[in-house]
A.B. asks: 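I have a structure here, written as structure tokens, and I will follow up with some questions on it.
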Amino acid sequence: MHQSQASSGSAVRSFDEMSGLDGNVRRPYAELAAWLDRQPKGLLKRKQQEADTIFRRLGITFSVYGEANALERLIPFDLVPRIISAAEWRHLERGIEQRVRALNAFLYDIYHRQEIIRAGRIPAELIYRNAAYQPAMIGFEPPLSIYSHIIGIDIVRIGENQFYVLEDNLRTPSGVSYMLENREAMMHLFPELFAHHRIAPVSDYPSLLRRTLAAVAPAACTGDPTIVVMTPGIYNSAFFEHSFLADQMGVELVEGQDLYIDGGYLYMRTTRGRQRVDIIYRRIDDDFLDPLTFRPDSTLGVPGLVDLYRAGRVTIVNAPGTGIADDKAIYAYMPEIIRFYTGQRPILENVPTYRCGIAEEREHVLAHLCDLVVKEVHGSGGYGMLIGPAATRREIETFRRKIEERPDNYIAQPTLALSTCPAFTSAGLAPRHVDLRPFVLVSDRVRLVPGGLTRVALKKGSLVVNSSQGGGTKDTWVLRD
Amino acid sequence: MLGRTASSLFWMSRYMERAENMARLTEAGFRMTLTNGEGHGEEWRSTLQSAGVMDGYVKKHGDRFATATVVDFLLFDADNPSSVRSCLSTARNNARFVRTKITRDMWEAMNSTWLSFEEVKPTEVSHPRLPEFLDWVRERTALFRGALLGTILRDDTYYFSQLGAFIERADNTARIMDVKYFILLPINQPVGGDIDTLQWEMILRAVSAHRAYRHVFDEQYRAASVAEFLILRPEMPRSLRFCYDWLSTSVEGLATHYGERSPSADVIAETRAMLRDSDMQAIFRQGLHEFLCEFVARNNQVTAALSRDYHFG
């Protein structure tokens with residue numbers, strides 16, 4: 001889990017998803033609010049302990065630095081569900097579907113005729129000078145022309161009808177196992193709440209994932225394709241999720257060392273000899289996929305894999321080179337990209353983004369550093385970021401110099417007053433800021449389970465939802481009509 | 001099943017078995033120091049030798065064998081690849097890789113053991129608390145074994161885990177006997193003397209068999225009987241014979257499951273036949289030490305054969 005939105009909410013009044021701006025309980029939360037009022041003191045505390053035990057026992061932990069001896073930690077789970085109405089979800093769903101179609105069309109275009117550059121809608125150097133652009137993909141035709149099949153779209157809310165896309169994750173987005181396990185835990189802890197609500201289920205995600213993958217079998221595959229999930233190994237912070245998804249889909253979990261190429265096909269080593277592999281859902285980065293094409297020192301991948309992929313013998317999901325489309329510099333052009341490929345107005349808004357590489361926008365940013373969030377174009381995990389309203393004067397001056405030295409490397413966005421939801425804290429229920437990551441599957445069609453991962457900043461007033469900085473997760477309910 | 005999955009199941013069980021054996025060995029060694037009063041050095045020296053970690057110990061702590069230092073090395077030292085801590089950690093890392101192949105009961109037994117172990121402060125496990133702690137380790141490994149036997153499907157998952165556990169157990173029994181018999185017995189002490197008897201008792205304690213021995217032999221400890229008990233007796237669950245009966249059942253079960261017999265089944269059958277056809281006279285004629293050395297080498301060949309046949313990678 002990486003990426004974060006941060007800013008200081010001190011001066012800005014946030015929209016609360018349970019009680020709105022005026023303190024009256026909003027309709028989707030009516031049942032829950034009444035139920036919470038009825039519960040005896042101490043119940044939530046007891047349930048919270050029970051939940052912690054469930055998660056720890058199951059081993060749903062993440063390791064902080066991916067080192068052998070790093071402490072395994074639990075991502076805090078908050079008991080109070082986050083609720084989205086059916087109408088709100090329909091809006092999000094339409095917007096997300098539009099966005100992922102545009103993103104895949106954009107990827108196809110920049111690896112083929114590059115119409116969008118010829119049309120002058122985005123600058124060519126944004127592509128060519130970007131490390132995530134993979135020359136190995138130029139002119140290649142992936143199955144169904146889909147590049148990013150498994151996508152996480154990070155969404156924040158700032159008002160009754162205001163949703164913004166904060167970031168697109170088109171490489172190897174994580175967190176879906178938490179979405180599924182959080183729901184399991186909630187059904188175990190509070191069965192009566194499920195009896196009082198009509199909540200759309202999320203449990204068919206693994207079978208949708210499997211169908212999504214099977215639909216992009218390589219040309220050379222006849223019959224039932226063999227699918228594997230590929231992990232960098234048990235020390236990866238998301239290893240639990242990798243093994244969870246393999247198990248839920250009923251496929252093997254492999255590392256690079258389990259795979260080899262022979263006679264133009266990919267095989268895995270099994271106890272009974274070799275078995276052909278057709279589709280790889282890989283959870284390792286492009287750089288480590290194939291030492292012959294990418295990083296030569298990588299031991300995690302399979303030498304020759306990309307050649308096999310280009311020959312239509314195996315499908316790599318997501319395709320190499322999708323990272324070009326979720327770059328922060330590209331993000332600024334998303335409204336343009338959606339209009340260009342769909343001919344429609346974007347349904348979900350982008351956060352207004354200033355590109356420091358452009359002189360007028362830079363002037364504006366430098367004049368308003370105290371109010372803005374400044375991010376490194378290629379950074380993630382909340383590193384290399386300035387949160388203007390929360391920063392000291394010295395930090396601001398440091399960033400001013402950095403921006404002046406390498407303007408292209410930075411973008412800036414206004415500080416958003418992220419919505420809040422009630423969370424269970426040591427002082428009882430209290431509003432905490434949240435974001436939302438729905439998980440989208442794209443192949444023969446777009447598939448979206450109703451819900452996603454809600455991350456919550458458990459520290460009072462904090463807008464940082466990262467698990468590495470005290471963020472937790474919640475179950476996310478999409479109500480049915 | 002992936003070859004590496006088979007390998008992880010094999011080593012997961014092997015390290016759980018080793019964790020248990022380390023706890024038993026430490027307990028036996030500790031008891032000896034209490035019984036003998038003075039001259040702890042020898043007991044701990046032989047314990048470290050039985051555990052196969054003498055070189056690592058001497059490298060780190062030199063030629064001094066204070067109880068606290070040895071116990072810490074055997075139980076908690078991450079630099080000792082066979083310490084209880086290292087065994088539990090390695091077992092769990094293997095289990096993490098096959099997390100979804102093993103049952104939830106097995107995983108929870110393994111995982112909660114590790115999480116509790118991590119909370120133990122080594123300094124708090126001093127003399128008075130040591131037996132209690134070692135009991136706890138044995139309980140936890142028994143829980144894991146119980147969860148495994150009670151919940152796992154009798155398919156290749158089961159067979160690979162059993163192969164790992166019983167190869168480890170056979171290795172452990174053979175090494176304990178070898179160290180005791182070869183290193184301690186012949187020097188200076190009259191056979192049948194007090195120290196001698198204590199040594200034999202310690203061997204039996206290290207494999208939790210001192211009471212069973214009396215039921216089977218109904219007499220005081222004698223080298224030939226103890227050796228027979230631990231090598232040839234099919235009813236003794238830590239004897240070499242028992243281990244090979246079990247290995248044979250497992251590898252033949254695997255052959256039936258896969259519909260194909262592997263060369264490793266022959267390697268196991270050969271050693272099993274050797275144990276079945278031996279008697280103590282022949283073993284003593286060959287020399288117990290020579291016999292045990294040959295056995296350990298054969299036992300290692302089984303691991304090599306399995307990893308070749310089933311692509312442990």
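In what follows, chains are A, B, ... by sequence order, proteins preceding strands, each numbered from 1.
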A.B. asks: Nearest heavy-atom pair of B:Asn93 and A:Tyr235: which atoms, and what distance?
C.D. replies: ND2-OH, 3.2 Å
A.B. asks: Nearest 0.5 Å, what's the CG-OG1 distance between B:Leu306 and A:Thr271?
C.D. replies: 11.5 Å
A.B. asks: Is it the backbone or the side chain of A:Gln275 that comes under 4.5 Å from a heavy atom of chain B, or both, or neither?
C.D. replies: neither
A.B. asks: Side chains of A:Met268 and B:Arg4, heavy atoms from C-beta outward: is any pair under 4.5 Å?
C.D. replies: no
A.B. asks: Heavy atoms only, distances under 4.5 angstrom: which of A:His242, A:Arg272, A:Gln257, A:Gln248 has the most pairs with chain B? Name it, please.
C.D. replies: A:Arg272
A.B. asks: Going by side-chain contact (heavy atoms from CB on, under 4.5 Å), B:Thr100 matches just one of A:Asp247, A:Leu253, A:Leu245. Which one?
C.D. replies: A:Asp247
A.B. asks: Based on non-hydrogen pairs under 4.5 Å, which of B:Lys101, B:Met1, B:Glu260, B:Arg104 is most in contact with chain A?
C.D. replies: B:Met1
A.B. asks: What option among B:Tyr258, B:Phe312, B:Phe97, B:Phe160 has the most heavy-atom pairs under 4.5 Å with chain A?
C.D. replies: B:Tyr258
A.B. asks: So which heavy atom on B:Thr5 is nearest to which on A:Glu252, and how close?
C.D. replies: OG1-OE1, 4.4 Å
